[in-house]
Structures are given as C-alpha cells and as structure tokens.
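Below you'll find the structure, written out as structure tokens, and then a few comments.
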Amino acid sequence: MALSFLSRVSSQLCRIPKTIESQSIQFNKRLYHEKVVDHYENPRNVGSLDKNDKYVGTGLVGAPACGDVMKLQIRVDETGKIVESRFKTFGCGSAIASSSYATELIKGKTLEQAGQIRNREIAEELKLPPVKLHCSMLAEDAIKAAIKDLEKKQKECK
Amino acid sequence: MITKLFCYDSVAKRYSNSLIRSFSSGILQSKQKFSTNTLSSPQQATAENWSEQDYILQADKTLEDLYDCLAEQGYEKVPNFDVELSQGVLTFKLDENRTYVLNTQRPNRQLWLSSPFSGPWRFSWNFTQREWKSTRTGIQLRTLLNEELKGLVGIHIPPEEVS
C-alpha cells in the first residue's frame with residue numbers, strides 16, 4: 001500500500017515540470033519513458049542462477065566507476081534453447097530497464113538467435129534518449145558475454 | 001585495520017556482499033576472457049598510464065575543435081541546427097529527432113558518442129596515431145562523424161590536427 005502511494009506520488013511529481021514549462025520558464029525535461037519506469041518498478045527476472053551449473057552462462061559487464069554494471073545469466077536445456085534468464089544490475093533506470101528487457105527478449109531463443117540481438121532493438125523498445133543508448137549496448141554485451149561463457153563451459157566439458 | 005573493516009562494512013551495507021564479490025572477480029575474468037565495448041585494447045592507452053589531467057586536456061581540445069567546426073558549418077547548412085558544449089559534453093542536433101551526444105568518460109579515459117544513426121560508440125586515445133579510435137571497430141572518431149555528417153548534411157569534419 002505504501003509502495004502504491006509512493007508510485008502515485010512520484011507519477012504526480014513527474015507531471016509538475018509540464019506545469020512549470022507552461023509558465024514560459026525554460027525547463028530541461030529529462031523524464032524516463034513509461035516503459036523504462038515499468039521495468040524499473042516491475043523488473044522481470046531479477047535474481048541469480050548457479051554459475052557453476054554447466055547449463056548456466058554468466059555475463060558480467062561494465063564497471064562501477066563508469067556507473068553501470070550488469071550481470072546477466074542464462075540457463076539452457078539439452079537442445080541449447082534458453083529456458084531461463086536472470087539479471088542483477090547496478091546503475092541508472094535505463095540500465096536496469098535494458099537488462100530487464102534483455103532477459104525477456106532472450107527467453108525461448110537459441111544461443112545463435114540470442115547472439116543476434118542488437119542494442120538498437122532494446123533502445124527502440126524502451127525509447128531510450130541519446131545519452132542512454134550506452135545502456136542498451138551494455139545489455140547487448142551482457143547477452144554476448146553470457147553466451148560466450150556458456151560456450152566455453154560446453155567446450156571444456158567435451 | 002578497524003578503520004578498513006568499518007569502510008568495508010559500510011560499503012557492504014549499500015550493496016550485497018555477493019554482488020561485490022561477483023563484480024570484482026567477474027571484472028577480472030572479463031578482462032582476461034574477452035574484449036567488449038567496455039575495455040580498451042592492449043595497443044591503446046589505458047587508464048593506468050595516462051593521467052586524468054592529460055586526458056582532460058586532450059579530450060577538451062577535441063571537444064572544442066569539434067564544437068568550432070560544427071558551429072562554423074552547422075547553422076548555415078542545417079535548418080534547425082543547434083550545438084552546445086558544456087562541462088565535457090558536446091551536444092548537437094540536426095533536428096528535433098536526431099541528436100548527437102559526445103561526452104568525456106573520466107574513469108576509463110574515453111570519449112563516448114551517441115549517434116542517432118549508428119548508436120553508441122566508445123573511443124580511446126591512440127598515442128601512436130594521435131586520434132580517438134573506437135574500442136569496437138577501430139574507426140577514428142572524426143572519420144565516423146565525417147562519414148555520417150558529410151553524406152547527410154554536408155558538414156565536413158577534418159582529421160585531427162597533430163600537435
């Protein structure tokens with residue numbers, strides 16, 4: 001209940017800049033798109049998988065100093081299809097939304113299909129502004145890193 | 001010792017312990033395993049051997065040169081053009097929906113570009129060629145900008161002046 005109250009308040013606060021702008025005051029609008037807010041408030045697939053599991057690939061990209069770190073994990077079945085994905089992200093709302101959306105995108109795909117996901121797809125879906133395109137690239141890198149980790153594990157097992 | 005424990009404890013309170021451990025071990029692993037957009041290639045300058053002061057000098061010089069070049073040509077050639085340089089961020093618009101952002105990224109001594117056509121790029125300074133080169137494809141910053149802008153709107157970005 002407290003959370004829903006807070007989210008209502010925050011959505012009200014987001015409307016305040018429009019009122020100020022209508023009074024002819026120059027205001028630099030930097031509001032998150034509603035899809036980003038949705039992923040921030042209702043992130044999909046948050047959590048961890050066992051990184052020692054031979055069917056789990058872990059991608060860890062970014063650096064705390066730069067402001068964004070993403071950990072994205074995938075679990076595949078025997079056929080190589082991604083059946084589960086989890087993420088944990090330290091960063092801005094756009095970074096969280098990008099990695100959350102990425103975990104949704106890759107589910108049900110083969111490793112090859114998941115490797116073909118491009119940052120543009122994530123950025124267009126979330127309507128990321130120019131300065132946040134880097135978050136979508138990091139999410140693409142995280143997917144690729146997880147796939148590479150899994151492929152290395154599978155090679156070592158053979 | 002106690003001070004150190006206190007510092008680590010306060011950090012742990014902000015982030016979960018497992019996340020910190022996985023970050024530090026993971027980042028080491030990622031440097032060894034593969035090269036991504038987030039890392040410089042071994043042939044280029046690294047954050048360790050280039051002082052922040054020198055990096056800022058070079059980055060600011062590049063941003064100012066680009067600002068001058070864009071301001072000179074942009075307003076004549078592009079109807080709704082606007083360019084701004086402030087606090088290490090160069091922003092220029094071809095129109096309402098096509099905005100470029102080029103900003104400094106101090107922690108890893110890079111320039112980060114966001115292009116409305118080709119997306120995000122990261123550039124590291126190459127000491128041999130005296131240019132900013134993409135960590136992904138190796139293309140030079142000015143070459144990329146020139147390719148995109150000259151074809152579209154006729155703005156010419158000359159190569160970096162070697163000083």
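Here is how names work: the chains are called A, B, and so on, in the same order as the sequence lines, proteins then strands, and each is numbered from 1.
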Turns out that what part of B:Thr91 lies under 4.5 Å from chain A's heavy atoms comes down to neither

If you count the non-hydrogen atoms of other residues, nucleotides and ligands that lie under 6.0 Å from OH in A:Tyr40, is the total more than 12? no

Check the hydrophobic clustering (I, L, V, M, F, W, Y; side-chain heavy atoms under 4.5 Å; chains of links allowed) and say if B:Leu113 and B:Tyr55 are grouped together. yes

Minimum heavy-atom separation for B:Ser114 and A:Val131, please, with both atom names. OG-N, 4.4 Å

Counterpart residues, side chain to side chain contact (heavy atoms under 4.5 Å, CB included), relative to A:Lys54 (two or more places apart): A:Cys157

Heavy-atom closest pair (A:Asn119 atom, B:Pro120 atom, distance to 0.1 Å) is OD1-CD, 3.5 Å

Is A:Gln116 atom CD crowded by more than 12 heavy atoms from other residues, nucleotides or ligands, each under 6.0 Å away? yes

Closest non-hydrogen atom pair, B:Trp121 against A:His134: O-CE1, 3.5 Å

Under a single-linkage definition using a 4.5 Å side-chain heavy-atom cutoff for Ile, Leu, Val, Met, Phe, Trp and Tyr, are A:Val83 and A:Leu72 assigned to the same hydrophobic cluster? no

Per-residue contacts, residues 94-102 of chain A versus chain B, heavy atoms under 4.5 Å: none

Side chain to side chain contact (heavy atoms under 4.5 Å, CB included) filter on B:Arg98, not counting sequence neighbours, yields B:Leu94, B:Asp95, B:Pro116, B:Phe117, B:Leu152

Are B:Ile56 and B:Trp132 linked, directly or through intermediate hydrophobic residues, by side-chain heavy-atom contacts shorter than 4.5 Å (ILVMFWY only)? yes

Can you hop from B:Phe92 to B:Leu111 via hydrophobic side chains spaced under 4.5 Å? yes

I want to check something: taking the side chain as every heavy atom from C-beta on, are B:Arg136 and A:Met137 in contact at a cut-off of under 4.5 Å? yes

Taking side chain to side chain contact (heavy atoms under 4.5 Å, CB included) as the test, write out the residues that go with B:Asp82, two or more places apart. B:Tyr75

Which heavy atom of B:Arg122 sits nearest a heavy atom of A:Leu138, and at what distance? NH2-CD1, 4.1 Å

